[in-house]
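Each chain gets a letter, A, B and so on, in the order the sequences are listed, and its residues count up from 1.
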Number of protein chains: 2
Amino acid sequence: MQSKYTVQSYISYSLATAHRKIHTSLTRRLKEFGVQVEAWRIMEILETETDFTMGDLAEVVLMNPPTLTKLVDRMVSDGIVHRRIANRDHRQVNLVLTELGLKRIHQIREQVQIEDDEIFRRIGSEKAKMLHTILTEIGDLDLQ
Amino acid sequence: MQSKYTVQSYISYSLATAHRKIHTSLTRRLKEFGVQVEAWRIMEILETETDFTMGDLAEVVLMNPPTLTKLVDRMVSDGIVHRRIANRDHRQVNLVLTELGLKRIHQIREQVQIEDDEIFRRIGSEKAKMLHTILTEIGDLDLQ
DNA sequence: TGAATTTAGTTGACTTGGAAAGTGTTTTCA
DNA sequence: TGAAAACACTTTCCAAGTCAACTAAATTCA
């Protein structure tokens, strides 16, 4: 632990460093498909979850509602998803993957999966498990 | 390890989740002082490093050069740092903390340090050490 | 019931981030 | 030496994120 920096600043930075490397690598590869990382994450969620609202999504992918709205706008105009007003509550919006969206997922996963094994191997399954544990615990921290 | 998501997407997301919580908390608190997290990080670096160039900084804080340039522009107009053309190479720029910048650091640290102990305690020193190890190892990954 | 409040999501103005091209300095090497 | 290449940083232009205000639907409770 470096002592000359404040703890929060240090952890924030270390996490950012690690995150950025993985994020950047993923970004670069997804870009070939014209897909943002967050969009990809949403696509993966919508694949199994059929009645997520914007609010649910915003919470799960940790985006502010306006940011999510605009991302979804882009996804809609790309023909990947479409909005459906929820039955139970007409204020809510459900996102649904289009045919194209589903096709796109398979295309991308085919390419990306290949390198996944490589990354998994590099990190090592033990280390990955530790990482998972710690991230979960830190994720549960309630930092005001 | 969740299996329905690609590994990279999953790790990227987990790291983002953890990072975002700490980053957001720090952001909120630094905002009271009108300081961005990255600016704070730079201020802490400049406190000890006196001949960092823009390039060095960009590498250490993981910012793209144009982004750093603009952040520094803001810091200069806030009177926190000033640019000094390097002696050895007139293309390079050294950043120097101003009196105000130094004063600002002490002000902020006084406030922030208090909560640092609390955060450190919550994470736990053992967990923090593990976190540090893993972040370092993952940080060293060469992801193309 | 119905006026006031809360909630879900969107819009708009503004700020910040990034890729690529541009400027001026230093280095390379024929 | 001096033309070409490499380098350090900045500028420009466009994409994406944030805050605060807004719209419309649902809920509360006097």
In whole angstrom, give the distance that lies between atom [atom1] of [X] and atom [atom2] of [N].
{"X": "B/Gln92", "N": "C/dG24", "atom1": "CD", "atom2": "C1'", "value": "14 Å"}
{"X": "A/Met63", "N": "D/dC19", "atom1": "CE", "atom2": "P", "value": "13 Å"}
{"X": "A/Glu59", "N": "C/dA8", "atom1": "CD", "atom2": "P", "value": "10 Å"}
{"X": "A/Leu68", "N": "D/dA16", "atom1": "CG", "atom2": "C1'", "value": "13 Å"}
{"X": "B/His90", "N": "C/dT26", "atom1": "NE2", "atom2": "C1'", "value": "11 Å"}
{"X": "B/Asp89", "N": "C/dT26", "atom1": "CG", "atom2": "P", "value": "5 Å"}
{"X": "B/Met54", "N": "D/dT11", "atom1": "CE", "atom2": "P", "value": "10 Å"}
{"X": "A/Ile85", "N": "C/dG9", "atom1": "CD1", "atom2": "C1'", "value": "11 Å"}

- How many angstroms lie between CG in B/Asn87 and CG in B/Asn94, if you round to the nearest 0.5 Å?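 So the gap between those two atoms works out to 8.0 Å.
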- Message: Heavy atoms from C-beta onward define the side chain here; which of D/dT11, C/dG17, D/dA6 lies closest to that of B/Thr69?
- Response: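 Closest of the options to the side chain of B/Thr69: D/dT11.
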- Per B/Glu38 side chain, nearest of listed nucleotides D/dC19, C/dG17, D/dT10: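 When the side chain of B/Glu38 is considered, C/dG17 is the closest of D/dC19, C/dG17, D/dT10.
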- Item | A/Gln36 and A/Arg41 side chains, donor-acceptor separation under 3.5 Å |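 No donor-acceptor contact under 3.5 Å links the two side chains.
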- Are side-chain N/O atoms of A/Asp56 and A/Thr53 paired as donor and acceptor at under 3.5 Å? yes
- Query: Quick one: on DNA chain C, does A/Lys70 or A/Arg91 contact a more 5' nucleotide (nearest heavy atom)?
  - Reply: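 Going by which nucleotide is closer to the 5' end, it is A/Arg91.
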- Answer yes when B/Glu47 and B/Arg109 have at least one side-chain N-carboxylate O distance shorter than 4.0 Å, and no when they do not.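 A salt bridge is present here (some side-chain N lies under 4.0 Å from a carboxylate O).
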